[in-house]
Amino acid sequence: MATKYQSLRGTKDILPEDSRTWRYVEGKISDIFARFGYQEIRTPIFEMTELFVRSIGASTDIVNKEMYTFPDKKGRSLTLRPEGTAPVVRAYIQNQLYQKDEVLKLYYKGPFFRYERPQAGRERQFHQFGVEVLGASSPAIDAEIIYLGCFILKSLGLDNAKLLLGSVGCSDCRPAYEKLIVSTLKESTSKLCDDCQKRYKTNPLRMLDCKNEDCKKQLKKIPSFAGSLCDDCKKYLNETEELLKLLEVSYTISPHLVRGLDYYTRTTFEFVYSGLGAQSTVIGGGRYNNLIKEFGGPSVSACGFAGGMERLISVLKNEGKIPSLSDGLDVFIAQIPANTETAGKGDECFKTAFKLLQEIRCFKISADMDYRNGSLKSQFRKANKLKASYVIVIGEDEIKKGIVKLKDMKTGNEENIKLDEATSKLKEKF
RNA sequence: GUGGCUAUUGUGUAAUGGUAGCACAAGAGACUGUGGCUCUCUUUGUACGGGUUCAAAUCCCGUUAGCCACCCCA
């Protein structure tokens, strides 16, 4: 329905029915993060544009065409965060968090923004949850966050996500591999697609991700990255794999796993799931050993991943893994005005009910009533719709006797209880 | 950013260029102080802006949005 004002393209309202699901998923994820020893960090939703350009990489699609960038009133260029790592690294350095702990394990969740044409599994405002382990380089960390990602998916009932693992090398061996790519394709650049011709010059590694059939043929000539890794990177990958095997995490080595952000070094990984349309990545991440230093922080390395809430929930729905989340009301209060003449001028039943309602709520019992002064029947209908366990009836007769009627909606049994004992009686039941 | 498909009450769907229906949901009621089942009644719609026509939900153009694909990513 088109209304005068509608939500912007690629943004969605999460309505009560859905937000129940969101709370369920977010709650589960947060619990797991805490169990693994991660602490939450909340960074602002916008940052200086340069932060993202410098970290994600000036030649990446995210920076080139997908950022929500705008000038503020002082003419500074600001950008709505398109991803979570750069802001966390910025906060890490700015607040000198490396002084507090040598290794810091952080998690975050919240909205992110990319200016793209929406489609299945892709929004302009989307939501991610993620972790960053800052301050150390150890295969154990890589293995742990991969295991953590796996653990989250399994805890939500998803057993058949596929884990892709790769390595993009380090600042020593990556340039060598890039040279190898360039020299291998030297003779056949004309057979590449337009994009790859650009990538050939600016970012050869990214060509490996191209899906163009002609490009794929040419790309087959390129030797696997595994052979070009330096000894340290090779060792690092092997040790990571060993630990994954120890934790019984199955994975597929994907030598061409490049990912669209430039800051990665060594480990990269993705959890993919089919049935998300053209999108398949539910969780993606990797190691970044140079970013913190480049941003003026200490010379320490870090590792992290991010998962897409919308994609995760979509998979959960497809797989029928969302439990029925009913949030039934504990108590509904129905009140009967004495008669139509007194109803208008604040009648006793309503006041008694309204007061009792608030008292009940003070005891952590969920309670509600109908404020429209409708018929008793309509109030019961409402109580039923709200899945109320009990209904309290307050009418003229009850007021006179100083009692209320308490009806058990499951059994249909009704009992009279004294008004001033109502809350204590209810406490027993919950 | 490029391309394809689509747009009818809250939701899901009907209607040769000629009366906009149906189901569910929602609300009210069924001897008046009691829900679920049943029955009755009621409310709500052709996305927006133009054009063709005696006549447009239907045909044409534009806009917007959604879906899908490319690109890329969560």
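Throughout, protein chains are lettered first and strands after them, A, B, ... in sequence-line order, and every chain is numbered starting at 1. Values below: every heavy atom of this structure, side chains too, minus hydrogens, waters and symmetry copies. Because the structure is a prediction, the values reported are computed rather than measured.
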Do A:Ser30 side-chain atoms and A:Gly27 backbone N/O form a donor-acceptor pair below 3.5 Å? no
For the side chain of A:Glu270 and the base of B:A74, is some donor closer than 3.5 Å to an acceptor across the two? no
Under 4.0 Å, heavy atoms only, any strand: does A:Gly412 hit a base, just the sugar-phosphate, or nothing? base
The side chain of A:Val393 lies closest to which of these nucleotides: B:G66, B:U34, B:A74? B:U34
I'd like to know if A:Gln6 reaches the base of B:G66 with its side chain such that a donor and an acceptor end up less than 3.5 angstrom apart. no
Residue pair A:Glu414/A:Gly308 against RNA chain B: nearer the 5' end by closest nucleotide is A:Glu414
Across the strands shown, which category fits A:Ala120 at heavy-atom distances under 4.0 angstrom: base, sugar-phosphate, nothing? sugar-phosphate
Taking the C1' atom in each of B:A57 and B:U13, what is the distance between them to the nearest angstrom? 14 Å
Gap in Å between the two C1' atoms, one belonging to B:A25 and one to B:U9, rounded: 11 Å
OP1 or OP2 of B:G33 sitting under 4.0 Å from any side-chain N/O of A:Lys407? no
A:Asp370 CG to B:A26 C1': how many Å, rounded? 14 Å
Just to confirm, is there a sub-4.0 Å distance from OP1 or OP2 of B:G27 to any side-chain nitrogen or oxygen of A:Ser378? no
Consider the side chain of A:Ile336, meaning its heavy atoms from C-beta on, and name the nucleotide among B:G33, B:A74, B:G29 that approaches it most closely. B:G33
Give me the distance, rounded to whole Å, that separates B:G45 from B:A14 when you measure between the C1' atoms they each carry. 13 Å
Rounding to an integer number of angstrom, what distance separates B:A15 and B:A30 when you compare their P atoms? 39 Å
Remember a base hit wins even if backbone is also touched, and classify A:Lys410 as base, sugar-phosphate or nothing at under 4.0 Å, heavy atoms. nothing
Under 4.5 Å between any side-chain heavy atoms of A:Phe269 and A:Ile145, yes or no? yes
Look at all strands and tell whether A:Gly10 reaches a base, only sugar-phosphate, or nothing, counting heavy atoms closer than 4.0 Å. sugar-phosphate
Between A:Arg117 and B:C70, does any side-chain N or O lie under 4.0 Å from OP1 or OP2? no
Options B:A74, B:A28, B:G33, nucleotide nearest the side-chain atoms of A:Arg372: B:A28
Establish, with yes or no, whether the OP1 or OP2 oxygen of B:C68 is under 4.0 angstrom from a side-chain nitrogen or oxygen of A:Gln119. no
Answer yes or no as to whether B:A74 has its base stacked against A:Phe126, where stacking requires a ring-centre separation under 5.5 angstrom and planes under 30 degrees apart. yes
Nearest listed nucleotide, side chain of A:Lys377, among B:C68, B:G35, B:C71: B:G35
Classify the nucleic acid contact of A:Ser375 as base, sugar-phosphate or nothing, counting any heavy atom under 4.0 Å across all strands shown. sugar-phosphate
Can you tell me how far P of B:U34 sits from CD1 of A:Ile394, to the nearest Å? 17 Å
Side-chain heavy-atom pair A:Lys12, A:Glu310 within 4.5 angstrom cut-off: no
4.5 Å side-chain heavy-atom contact, A:Met67 and A:Val53: yes
Across the strands shown, which category fits A:Gly121 at heavy-atom distances under 4.0 angstrom: base, sugar-phosphate, nothing? base
Need one value for A:Glu310: base, sugar-phosphate or nothing, where a base atom within 4.0 Å counts as base even if backbone is also close, heavy atoms only. nothing
Considering only side-chain heavy atoms of A:Lys65, which listed nucleotide, B:G33, B:C71, B:G35, is closest? B:C71
Nearest-Å distance once atom P is located in both B:C41 and B:G21: 15 Å
Which whole number of Å gives the distance between the P atom of B:U46 and that of B:G36? 33 Å
Distance-only donor-acceptor test (3.5 Å): side chain A:Asn384, base B:G35: yes
Distance in angstrom units between A:Leu376 CG and B:A28 C1', rounded: 15 Å
What I'd like to find out is whether the side chain of A:Lys154 reaches to under 4.5 Å of the side chain of A:Asp159, using heavy atoms alone. yes
A:Thr240 and A:Asp142 side chains, donor-acceptor separation under 3.5 Å: no
Look at the side chain of A:Arg114 and the base of B:A74, then say whether one donor and one acceptor between them are separated by less than 3.5 Å. yes
Nearest 0.5 Å, please: how far is CD1 in A:Ile392 from CG in A:Leu356? 5.0 Å
Which residue lies more 5' along RNA chain B, comparing A:Ser7 with A:Thr411 via nearest heavy atoms: A:Thr411
Looking only at N and O atoms, is any donor in the side chain of A:Arg122 or the base of B:C68 less than 3.5 Å from an acceptor on the other one? no
In which stems does RNA chain B show up, taking only runs of three or more Watson-Crick or G-U wobble pairs whose two distances fall under 3.5 Å? B:1-7 with B:64-70, B:10-13 with B:21-24, B:26-30 with B:38-42, B:47-51 with B:59-63
Expressed as a whole number of angstroms, how long is the span from A:Tyr68:OH to B:G1:C1'? 14 Å
Please tell me whether A:Tyr288 and A:Thr85 have a donor and an acceptor in their side chains that are separated by less than 3.5 angstrom. no
Let's go through A:Ile29 and A:Lys109 carefully: what are the C-alpha distance in whole Å and the side-chain angles of both, what is the deciding distance for side-chain contact (heavy atoms from CB on, under 4.5 Å) to 0.1 Å, and is it a yes or a no? CA-CA 10 Å; A:Ile29 291 172; A:Lys109 59 181 195 308; 5.9 Å; no
Have a look at A:Lys385 and say if it touches a base, only the backbone sugar-phosphate, or nothing, with a 4.0 Å heavy-atom cut-off. sugar-phosphate
Does a side-chain N or O from A:Lys12 land closer than 4.0 Å to OP1 or OP2 of B:A65, or not? no
What integer distance in Å separates A:Glu17:CD from B:G10:P? 17 Å
d(CD, A:Gln379; P, B:U32) in whole Å: 17 Å
Checking A:Gln39, A:Glu132, A:Glu144 against A:Lys105 for side chain to side chain donor-acceptor pair (under 3.5 Å), the one that qualifies is A:Glu144
Could you measure between the two C1' atoms, the one in B:C71 and the one in B:U2, and give it in whole Å? 9 Å
Could you verify whether a donor N or O on one side chain and an acceptor N or O on the other, from A:Asn318 and A:Tyr273, lie under 3.5 Å apart? no
In whole angstroms, the gap separating P of B:C71 from CG of A:Asp61 amounts to 11 Å
Expressed as a whole number of angstroms, how long is the span from A:Trp22:CH2 to B:A74:C1'? 11 Å
Expressed in whole Å, how much space separates the C1' atoms belonging to B:U34 and B:G29? 15 Å
Looking across every strand, which nucleic acid part, if any, lies under 4.0 Å from A:Glu83 by heavy atom: base, sugar-phosphate, or nothing? nothing
